[in-house]
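Encoded as structure tokens, the structure appears first; notes follow it.
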Amino acid sequence: MEISAALCLPKASFLFHSLSLYTDVIFEKNPQGKKMGCTYSVYGLGRKKKLSIPEVVVFVPCTRIPAQCDVQRALKGLIPRDLIDRLSCVRNRIALVAEDTGGSAINELQQALEEYLSILIGLTKKEHGLEGLVEFKWKILQDGRQENCVANAWFELLSVLHMMAMLTFSEADTLMIPKDYSGSGFRVVSTDCKRDAVDLLLKAAGYLEFCVRNVLCCIPAEIKKSLSKDLQEGVLEAISIQALGQGTEIQLGLAVESQKATLSVKRRLACEQLIYYSQAYQCLSGCDLNHGYGKKHMWFIKWKFLEAKAAAYYYHGLVLDKGNEPTCHIGAVCCFLAAQELLVESKKACLSFCLAAPVTRLVSILG
């Protein structure tokens with residue numbers, strides 16, 4: 001049975017009850033059966049080393065950080081010395097703070113990136129003739145592997161904005177991880193945290209959309225071919241749209257919790273969310289995903305798309321069920337059955353996402 005444009009998230013009592021923590025089935029708890037902070041401690045047989053399985057709500061693709069490069073030599077005599085020193089100093093500070101903290105010092109890094117951005121933009125001006133003088137180097141934060149070395153100021157601008165977006169995703173993810181505020185052992189996500197996370201997701205989407213529309217088009221075609229696969233246009237666009245989808249998902253969660261939100265409002269949010277995940281899936285489908293987080297990213301989008309579609313049928317069924325005609329009730333039952341079937345498929349996709357490297361644990365977005 002076809003349903004109009006799109007529909008989405010399940011009601012907490014319907015879908016998320018079934019989706020809660022599939023990885024509990026896979027990953028054994030520690031011998032005491034206790035949770036350690038935000039992760040379970042998993043012990044390998046005959047090993048003392050424990051493995052932490054991080055919880056994930058907002059999926060954050062791999063973060064790229066600046067690697068050492070000789071900015072001063074390349075620009076010596078072309079721009080004022082104090083400006084060269086400032087450019088080099090801020091870039092080095094970003095790299096050091098990111099490596100020392102593993103990217104957790106988000107506010108400090110964002111401030112430094114904004115300062116660096118204000119200087120970097122000058123290098124992209126054609127009239128200055130400085131676009132291709134500095135060979136900028138970037139590497140993956142998680143494993144330190146160098147990915148790109150490109151003599152192009154627009155590439156550097158793209159990389160800076162990408163890093164700002166990934167840090168914003170990380171901040172939103174931190175806000176959406178449930179916390180035990182009362183010490184009762186019951187973890188929740190506050191309403192304020194959810195609203196702040198929505199704002200952050202919109203901000204991250206804006207960074208990436210700017211990259212797609214205003215930065216990539218300024219990078220020569222031969223350089224674009226050499227860029228790392230997570231900087232492909234389709235990947236950037238997919239992450240941007242995905243951010244909008246997750247923002248809408250959180251808003252739907254708030255609507256579900258609100259007594260004032262009508263069923264029509266919930267269905268509208270559900271439809272919007274499914275449309276976003278459908279678009280993100282289409283963008284990602286045309287990309288080469290044989291890199292870092294590529295396959296895990298695709299499983300995330302598949303899971304969210306199927307879950308959203310199941311919820312869409314569910315909410316549409318609720319609307320139909322309010323009708324007085326016998327056909328309305330028949331249509332509602334068909335929608336509920338379709339939702340159940342899609343939910344089974346979404347569970348499989350969620351499990352594949354959790355198990356794809358790096359292994360993660362699921363947290364309900366409703367907290």
Sequence-distant partners of [X], side-chain contact (heavy atoms from CB on, under 4.5 Å), two or more places apart:
| X | result |
| --- | --- |
| L263 | Y315, L318, V319, K322 |
| D192 | S190, R195 |
| S228 | R64, E147, N148, D230, L231 |

Residues 125-132 side chain polar contacts: donor-acceptor under 3.5 Å, at least two apart:
from, atom 1, to, atom 2, distance (Å)
H128, ND1, G122, O, 2.9
E131, OE1, W154, NE1, 3.3

Restricting to ring pair (Phe, Tyr, Trp, His ring centres under 6.0 Å), what partner residues turn up for F169, sequence neighbours left out?
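Per chain and number, F169 pairs via ring pair (Phe, Tyr, Trp, His ring centres under 6.0 Å) with no residue.
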Among all residues two or more places apart in sequence or in another chain, which pass the ring pair (Phe, Tyr, Trp, His ring centres under 6.0 Å) test with Y293?
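Y293: no ring pair (Phe, Tyr, Trp, His ring centres under 6.0 Å) contacts found.
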Please verify the inter-ring angle class for Y281 with F305; under 30° counts as parallel, over 60° as perpendicular, anything in between as tilted.
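Because their plane-to-plane angle is under 30°, the rings of Y281 and F305 count as parallel.
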Can you run down the salt bridge (charged side-chain N to carboxylate O under 4.0 Å, His left out) pairs that involve residues 81-103, sequence neighbours left out, and say none if there aren't any?
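Qualifying pairs, neighbours excluded: R81-D85, R86-E115, R91-E156, R93-E115, E99-K139.
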Could you tell me whether the side chains of K302 and S352 share a donor-acceptor contact shorter than 3.5 Å?
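Side-chain D/A pair, K302 to S352: absent.
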Checking S88 side chain against I84 main chain: does a donor-acceptor pair fall under 3.5 Å?
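No; judged by distance alone, with no hydrogens or angles, the pair does not exist.
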K309 (side chain) donor-acceptor with L274 (main chain) under 3.5 angstrom
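Here the side-chain-to-backbone pair does not exist.
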Determine, for E55 against R187, whether the closest basic-nitrogen to carboxylate-oxygen distance falls under 4.0 angstrom.
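R187 and E55: salt-bridged.
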Presence of salt bridge, E222 and K225, under 4.0 angstrom:
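Answer for the salt bridge query: no.
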Partners meeting side chain to side chain donor-acceptor pair (under 3.5 Å) with [X] (sequence neighbours left out):
| X | result |
| --- | --- |
| H329 | D321 |
| Q279 | none |
| D180 | none |
| S226 | none |

First locate atom CZ of F155, then atom NZ of K224, and finally report the distance between them rounded to the nearest 0.5 Å.
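Going from CZ on F155 over to NZ on K224, the span is 14.0 Å.
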To the nearest 0.5 Å, what is the distance between CG on L227 and CH2 on W138?
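Going from the CG atom of L227 to the CH2 atom of W138 covers 12.5 Å.
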Locate the shortest heavy-atom distance separating [X] from [Y]; write the atom from each residue and the value.
| X | Y | value |
| --- | --- | --- |
| V90 | A112 | CG1-O, 3.4 Å |
| L167 | G103 | CD2-O, 3.7 Å |
| A205 | L244 | CB-CD2, 3.8 Å |

CD/Q72: more than 12 non-hydrogen atoms of other groups inside 6.0 Å
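Atom CD in Q72 is packed in, count exceeds 12.
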Take atom NZ in K229; do more than 12 heavy atoms of anything else shown fall under 6.0 Å from it?
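Check passes, neighbour count above 12.
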Check: C287 and E233 side chains under 4.5 Å, non-hydrogen atoms
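Not touching, per the 4.5 Å side-chain cut-off.
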Just grab all the ring-ring contact (aromatic ring centres under 6.0 Å, His included) pairs involving residues 201-258, residues at least two apart or on different chains.
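Listed by first then second residue: nothing to list.
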